[in-house]
Visitor: 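To start, I am sharing the structure in question, which I have written as structure tokens.
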Amino acid sequence: MRTIESHDVRFGELAGPLVHGARFFDWELISTQVVTEAFGHAFEDIVDAGGIPYAPVVAATTVYRYPGFRDTVTVETTPTSVGESSVELCYEMTDDDGDRLATGRLTHVTIAPEGGAGPLPEDTRMRFREALDETAPEVGPRGADGGGELPNFSASFDVRSPHIECSELAYFEEYPRFADVALERFLESREASPDATSGGCNPFRLRDWRWEFVSPVEYESTLTVESDVRAVTEETLRIGHRFESDGSVRIEGVTEYGCFDESGAPTSIAPQLRSLFTGE
């Protein structure tokens with residue numbers, strides 16, 4: 001068994017002509033809610049019991065094309081592995097023509113009211129097991145770190161929201177936004193505007209990432225995003241990310257940004273953009 005749902009791209013989801021990269025995180029989370037309810041373990045019931053439903057532990061995704069206005073994104077979600085307390089789901093996102101937009105693989109656990117990973121209900125675990133698919137797409141960053149002197153930078157954010165849920169934790173899709181703003185502030189420190197030096201593309205959009213979620217980020221905390229530039233190529237800007245609050249690492253991983261043309265297809269990073277990081 002797998003679940004399929006579709007999402008029309010709406011005006012508020014756009015960043016320029018294409019959707020914001022955080023939308024991929026959002027579509028994955030919405031799809032998680034749909035598939036877990038279909039397997040008898042609804043988010044609402046978990047929240048009512050004081051738990052945190054299906055929190056990501058490891059999230060990896062590769063974007064092949066960015067959708068824009070008038071695109072419809074269809075997400076097909078399939079369980080690929082299940083344990084006592086965890087399940088891995090594969091998310092295949094396609095457009096109206098059935099062409100791939102993105103593929104994600106996320107491992108989830110439900111956090112019990114007293115903390116720690118709570119066991120999956122036996123019936124849900126059995127239904128996941130019966131529906132397992134052996135698909136194992138390779139997603140996330142695949143490039144190697146580069147050499148030479150490359151910059152580091154950081155930015156801090158107060159975690160706030162007018163919509164506080166029972167768990168009182170930062171939203172999944174907020175993290176890529178924080179990382180984007182940290183990158184924008186670095187570019188400002190170089191007195192550069194990505195739009196002015198883009199060479200006609202949509203620069204520095206999420207392309208590949210693999211993040212490990214160590215512990216939740218609470219509301220009213222201060223989250224610092226530490227960014228370590230590891231490689232700059234014609235295709236990607238590779239950054240090691242570490243999200244910290246209260247002296248502890250909350251999330252860490254590797255993110256690769258790329259440039260995409262007006263149709264959403266990947267294109268090369270202009271030399272003037274690469275030079276902002278390499279100094280060449």
Side-chain angles (χ1 to χ4, degrees), residues 5-33 56 59-75 91-96 99-104 106 139-141 155 157-163 169-188 192-211 213 217 223 225 227 236-239 241 243 251 253-267 269 273:
E5 61 277 349
S6 296
H7 311 269
D8 292 326
V9 174
R10 300 182 183 277
F11 178 75
E13 300 171 339
L14 299 174
L18 309 176
V19 299
H20 194 287
R23 299 308 302 175
F24 294 103
F25 287 67
D26 194 31
W27 289 326
E28 288 167 344
L29 182 59
I30 292 170
S31 300
T32 305
Q33 295 181 55
T61 300
T62 289
V63 178
Y64 308 105
R65 181 178 80 81
Y66 266 77
F69 238 171
R70 299 183 181 86
D71 270 317
T72 297
V73 179
T74 297
V75 186
Y91 306 81
E92 290 285 358
M93 304 182 199
T94 56
D95 61 17
D96 286 330
D99 295 328
R100 290 189 307 176
L101 294 171
T103 301
L106 276 69
V139 298
F157 306 88
D158 291 331
V159 179
R160 302 278 185 175
S161 173
H163 307 293
L169 303 175
Y171 291 119
F172 184 45
E173 65 271 22
E174 284 299 299
Y175 304 126
R177 295 184 187 275
F178 291 145
D180 278 358
V181 174
L183 179 54
E184 289 172 3
R185 290 179 181 174
F186 169 78
L187 294 173
E188 289 174 358
S193 164
D195 291 334
T197 56
S198 63
C201 73
N202 295 275
F204 302 132
R205 288 177 176 267
L206 287 168
R207 181 164 173 168
D208 300 273
W209 62 91
R210 187 183 189 278
W211 291 1
F213 293 76
V217 178
L223 185 68
V225 182
S227 303
T236 60
L237 166 68
R238 183 182 179 92
I239 296 179
H241 277 129
F243 296 70
I251 306 166
V254 175
T255 311
E256 289 183 348
Y257 294 88
C259 287
F260 294 78
D261 65 21
E262 295 295 299
S263 73
T267 186
I269 301 175
L273 287 176

Visitor: Less than 4.5 Å apart, side chain to side chain, heavy atoms only: is that true for D208 and T62?
Guide: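 D208 reaches T62 side chain to side chain.
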Visitor: What class does the angle between the rings of H241 and F243 fall in, given that below 30° is parallel, 30 to 60° is tilted and above 60° is perpendicular?
Guide: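 The rings of H241 and F243 sit tilted, inter-plane angle from 30° to 60°.
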Visitor: Look at the rings of W211 and F25 and say which category their plane angle falls in: under 30° parallel, 30 to 60° tilted, over 60° perpendicular.
Guide: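 Tilted, since the angle between the ring planes falls between 30° and 60°.
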Visitor: To the nearest 0.5 Å, what is the distance between OH (Y175) and CD (E173)?
Guide: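 One gets 9.5 Å once the value is rounded to the nearest 0.5 Å.
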Visitor: In chain order, what residues pass the side-chain hydrogen bond (donor to acceptor under 3.5 Å, both in side chains) check against E5, with sequence neighbours excluded?
Guide: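 With sequence neighbours excluded, E5 shows a side-chain hydrogen bond (donor to acceptor under 3.5 Å, both in side chains) to S31, given in chain and number order.
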Visitor: Taking the side chain as every heavy atom from C-beta outward, state whether V254 and R210 have any atom pair closer than 4.5 Å.
Guide: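 No, every pair of side-chain atoms sits at 4.5 Å or beyond.
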Visitor: Do Y66 and N202 make a side-chain contact, defined as non-hydrogen atoms from C-beta onward lying under 4.5 Å apart?
Guide: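 No. Closest side-chain heavy atoms not under 4.5 Å.
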Visitor: Got a second to check how far H20's NE2 is from R177's CZ, nearest 0.5 Å?
Guide: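 H20 NE2 to R177 CZ: 4.5 Å, rounded to 0.5 Å.
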Visitor: Apply side-chain contact (heavy atoms from CB on, under 4.5 Å) to the pair F24 and V63, showing each step before the final yes or no.
Guide: CA-CA 9 Å; F24 294 103; V63 178; 3.8 Å; yes
Visitor: List in chain and number order the residues that pass side-chain hydrogen bond (donor to acceptor under 3.5 Å, both in side chains) with E13, two or more places apart in sequence or in another chain; answer none if no residue qualifies.
Guide: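 Once residues adjacent in sequence are excluded, the partners of E13 under the side-chain hydrogen bond (donor to acceptor under 3.5 Å, both in side chains) criterion are R23.
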Visitor: Mind listing the closest non-hydrogen atom pair of S263 and L18 along with its distance?
Guide: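 Distance-wise, the nearest heavy atoms are C-CD2, 4.4 Å.
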Visitor: Can you check whether T103 reaches Y64 side chain to side chain, under 4.5 Å on heavy atoms?
Guide: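 A side-chain contact exists here, since the closest heavy-atom pair is under 4.5 Å.
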Visitor: Testing the basics here: between P56 and F172, what is the closest heavy-atom pair and its distance to 0.1 Å?
Guide: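 Between these two residues, the closest heavy atoms are CG-CE1, 3.6 Å.
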Visitor: F204 and side-chain contact (heavy atoms from CB on, under 4.5 Å): which single residue from L183, I239, D180 fits?
Guide: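 Among the candidates, only L183 passes.
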Visitor: Compare every heavy atom of P203 with every heavy atom of C259, then report the nearest pair and how far apart it is.
Guide: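 Closest heavy-atom pair between C259 and P203: SG-CA, 3.5 Å.
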Visitor: With Y257, which residues qualify under side-chain hydrogen bond (donor to acceptor under 3.5 Å, both in side chains), at least two apart?
Guide: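 side-chain hydrogen bond (donor to acceptor under 3.5 Å, both in side chains) check on Y257 returns nothing, list empty.
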Visitor: Kindly indicate whether the side chain of T32, heavy atoms from C-beta on, has any atom under 4.5 Å from the side chain of Y91.
Guide: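 Touching, per the 4.5 Å side-chain cut-off.
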Visitor: Just how far is it from atom CD of E256 to atom CG of L206, taken to the nearest 0.5 Å?
Guide: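 Atom-to-atom, E256:CD and L206:CG are 11.0 Å apart.
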Visitor: Considering non-hydrogen atoms only, spot the tightest contact between G104 and T61 and give its length.
Guide: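 Heavy-atom minimum between the residues: CA-OG1, 3.7 Å.
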Visitor: Is E174 close to V159 at the side-chain level, that is, under 4.5 Å between some pair of heavy atoms?
Guide: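 Result no, sub-4.5 Å side-chain heavy-atom pair not found.
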Visitor: Are any non-hydrogen side-chain atoms of L29 and Y171 less than 4.5 angstrom apart?
Guide: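 They are not in contact (no side-chain heavy atoms under 4.5 Å apart), so the answer is no.
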Visitor: Residues in side-chain hydrogen bond (donor to acceptor under 3.5 Å, both in side chains) with D158, at least two apart?
Guide: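 T222.
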Visitor: So do the side chains of E28 and M93 get within less than 4.5 Å of each other, counting heavy atoms only?
Guide: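 Contact flag for E28/M93 side chains = yes.
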Visitor: Checking R65 now: which residues fulfil salt bridge (Lys or Arg N to Asp or Glu O under 4.0 Å) with it, not counting sequence neighbours?
Guide: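 Only D71, D95 meet the salt bridge (Lys or Arg N to Asp or Glu O under 4.0 Å) criterion with R65.
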Visitor: Identify the two heavy atoms, one from A155 and one from R185, that lie closest to each other, and give their separation to 0.1 Å.
Guide: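 Shortest heavy-atom separation between A155 and R185 comes out as CB-NH1, 3.6 Å.
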Visitor: Listed by chain and number, what are the side chain to side chain contact (heavy atoms under 4.5 Å, CB included) partners of T94, not counting sequence neighbours?
Guide: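 Checked T94 against side chain to side chain contact (heavy atoms under 4.5 Å, CB included); matches are T74.
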Visitor: So which heavy atom on P67 is nearest to which on W27, and how close?
Guide: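 For P67 versus W27, the nearest heavy atoms are CG-CH2, 3.9 Å.
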